[in-house]
Number of protein chains: 2
Amino acid sequence: METIVESSGLPADAFSAKCPTRQVLDHIAGKWTVLVVDALLEGTMRYTDLSRRIEGVSQKMLTQTLRSLEADGFVTRTVHPTIPPRVDYDLTSLGRSLAEPITALRRWTENHINEIEQARSRARD
Amino acid sequence: METIVESSGLPADAFSAKCPTRQVLDHIAGKWTVLVVDALLEGTMRYTDLSRRIEGVSQKMLTQTLRSLEADGFVTRTVHPTIPPRVDYDLTSLGRSLAEPITALRRWTENHINEIEQARSRARD
DNA sequence: CAGTATCCGCTAAGATACTG
DNA sequence: CAGTATCTTAGCGGATACTG
C-alpha cells in the first residue's frame, strides 16, 4: 500500500489534528455535500434542477455548498450569458472520483435504515 | 436492485426531506463519527485509547459521539465494575458494516488531499 | 433564472472545573 | 479512569426580501 505524502512532508492521516485531511473530511462529510455530489452523478444540472432534486435545501445552503465544491475542484460552474441566465453544474473527474465513496455511504444508509431505527427504539427503553 | 422500504411504507430515499435516512446520514457523516468508527476497526478500545488515537477530540465530543453511536446500534459499551473503572468500546456487526463505506471515504480523502489543495490554491486567484 | 443580502435562533463544539 | 456539569462562543442554517 502506497503512502500519500502531503505538501507539509508528513503522511496524510485523518487521525492527526494537523493534517489538512481533517478539514476536507469535515466538509465533504456534510449532509448537503453528499446529496449534491450524488445528484450531479445523474448528469449536468442547473441551479433549479438541483434545488428540486434535493428536497428541503435552502437557496443559501445550496449556493454555499456549490461554491465550496467548486473551490475544492469537485464541480465546475458554467455561466451562459443569456437572458434569463443559465448556469450549468457538472462534476469534474475528481468529483466523479469522490462520488464513489459518497454514493456508497448514501446507499449503505438507505439499505440499513430499518436496522438503525430498530436499534434506536430499543435504546429508548 | 432491491428497493428498501422503510417503516412508513415509503422507499428509503435520502433525497426526500421526510426520509429518516436524511437525519442518519447527517450525523453518520459527521467528522468525529468517521474517526471513531474507523479507530474501533483496529479493535476494542477504552475511552482514553480513543481520545489518544483521535487527536484533538474533546471529552465532550468523544462522549457525545460514542453515546450516539451506541443509540444507533453501531457500538457497544461494556462497563467493568472495577476500581478504577474500565469501559470497553466495540463495533457491533452493524458498526463493522458501516465501517466499510466510512473507511473508504477517509481513505479517499487522504489519497486525494494533494489534488484538493491544488484546486484550492488555484481557486484563490 | 440564478442568485445576493440581511437578520437571527439554535446548537455544535471547545474550555474549564469537578466527581464516583 | 471515565466520565458529568456548566459556561461561552462561532457559525450553521432557515426565513425573508431584493436584483441583474
Side-chain angles (χ1 to χ4, degrees), chain A residues 14-18 22-37 39-40 43-72 75-90 123, chain B residues 14-18 22-37 39-40 43-72 75-90 123:
Chain A
F15 290 105
S16 161
K18 291 168 201 160
R22 263 290 177 80
Q23 308 163 26
V24 174
L25 188 62
D26 196 17
H27 80 254
I28 276 182
K31 167 173 57 170
W32 301 123
T33 301
V34 172
L35 295 172
V36 169
V37 169
L40 285 174
T44 303
M45 293 222 184
R46 299 175 61 174
Y47 186 86
T48 15
D49 293 335
L50 285 167
S51 66
R52 260 191 299 267
R53 182 79 183 92
I54 303 166
E55 279 182 39
V57 68
S58 64
Q59 286 191 329
K60 184 182 169 182
M61 290 319 297
L62 182 54
T63 302
Q64 210 170 93
T65 304
L66 286 167
R67 292 290 181 278
S68 141
L69 288 171
E70 205 190 341
D72 284 354
V75 158
T76 57
R77 177 171 180 272
T78 312
V79 182
H80 303 273
T82 53
I83 297 173
R86 174 196 178 103
V87 179
D88 286 338
Y89 291 96
D90 283 283
Chain B
F15 289 106
S16 163
K18 290 168 204 163
R22 262 291 178 78
Q23 309 163 26
V24 174
L25 188 61
D26 196 17
H27 80 255
I28 275 182
K31 166 174 55 168
W32 300 123
T33 302
V34 171
L35 295 172
V36 169
V37 169
L40 284 175
T44 304
M45 294 222 184
R46 301 174 62 171
Y47 186 86
T48 13
D49 293 334
L50 286 167
S51 66
R52 261 191 297 266
R53 182 78 182 92
I54 303 165
E55 279 184 37
V57 68
S58 64
Q59 286 191 329
K60 184 181 167 182
M61 290 318 298
L62 182 54
T63 302
Q64 208 170 96
T65 305
L66 285 168
R67 291 292 182 278
S68 141
L69 288 171
E70 205 191 342
D72 284 354
V75 158
T76 57
R77 177 171 180 273
T78 311
V79 182
H80 302 273
T82 53
I83 295 173
R86 174 197 178 101
V87 179
D88 286 337
Y89 291 96
D90 284 282

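Quick note on labels: first sequence line is chain A, next is B, and so on, each numbered from 1.
In this entry the distance linking NE2 of A:His80 with C1' of D:dG20 reads 18 Å, nearest Å. Put simply, NZ on B:Lys31 is 12 Å from P on D:dG11, counting in whole angstrom units. At whole-Å resolution of the value, CG in B:Leu50 and C1' in D:dC1 are 13 Å apart. The nearest whole Å value for the distance from the CG atom in A:Asp49 to the P atom in C:dG3 is 12 Å. The CD1-C1' distance, from A:Ile54 to C:dA2, rounds to 15 Å in whole Å. At whole-Å resolution of the value, NZ in A:Lys60 and C1' in C:dA5 are 10 Å apart. Distance, A:Leu62 CG to D:dG14 P: 11 Å, rounded to whole Å. Residue B:His27 contributes atom NE2, which lies 15 Å from atom P of C:dT11 at whole-angstrom precision.
For the pair A:Thr63 and C:dG3, the criterion of a side-chain N or O lying under 4.0 Å from OP1 or OP2 is not met. Here B:Arg77 does not reach the OP1 or OP2 of D:dA2: none of its side-chain N or O atoms lies under 4.0 Å away. At least one side-chain nitrogen or oxygen of A:Arg67 sits closer than 4.0 Å to the OP1 or OP2 atom of C:dT4. Phosphate contact (OP1/OP2 of D:dC1, side-chain N/O of B:Tyr89, threshold under 4.0 Å): absent. For C:dC1, neither phosphate oxygen OP1 nor OP2 lies less than 4.0 angstrom from any side-chain nitrogen or oxygen of A:Arg46.
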Problem - Pair B:Asp88-B:His80, side chain to side chain contact (heavy atoms under 4.5 Å, CB included): steps then yes or no - result: CA-CA 8 Å; B:Asp88 286 337; B:His80 302 273; 2.9 Å; yes
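Distance from the side chain of A:Ser58 is smallest to D:dG14 among C:dG3, D:dG3, D:dG14. Candidate nucleotides D:dG13, C:dA2, D:dC1 were compared by shortest atom distance to the side chain of A:Met61, and D:dG13 ranks first. Out of C:dA2, D:dC12, D:dC1, the shortest distance to the side chain of B:Pro84 is found at D:dC1.
Of the two residues near DNA chain C, A:Arg86 and A:Asp26, the one whose nearest nucleotide lies more 5' is A:Arg86. Residues A:Gln59 and B:Pro85 both approach DNA chain D. Their nearest nucleotides, taken by heavy-atom distance, put B:Pro85 toward the 5′ side.
For B:Tyr47 (side chain) and B:Gln59 (main-chain N/O), a donor-acceptor pair under 3.5 Å exists by modelled atom type.
B:Tyr89 and B:Arg46 form no side-chain donor-acceptor contact under 3.5 Å, judged by distance and modelled atom types alone.
Look at D:dG20: its Watson-Crick or wobble partner, with both distances under 3.5 angstrom, is C:dC1.
Annotation: side chain of A:Phe15 is in contact with side chain of B:Leu35 (closest heavy-atom distance under 4.5 Å). Inter-residue side-chain proximity for B:Arg52 and B:Thr48 is flagged as met; some heavy-atom pair is nearer than 4.5 Å.
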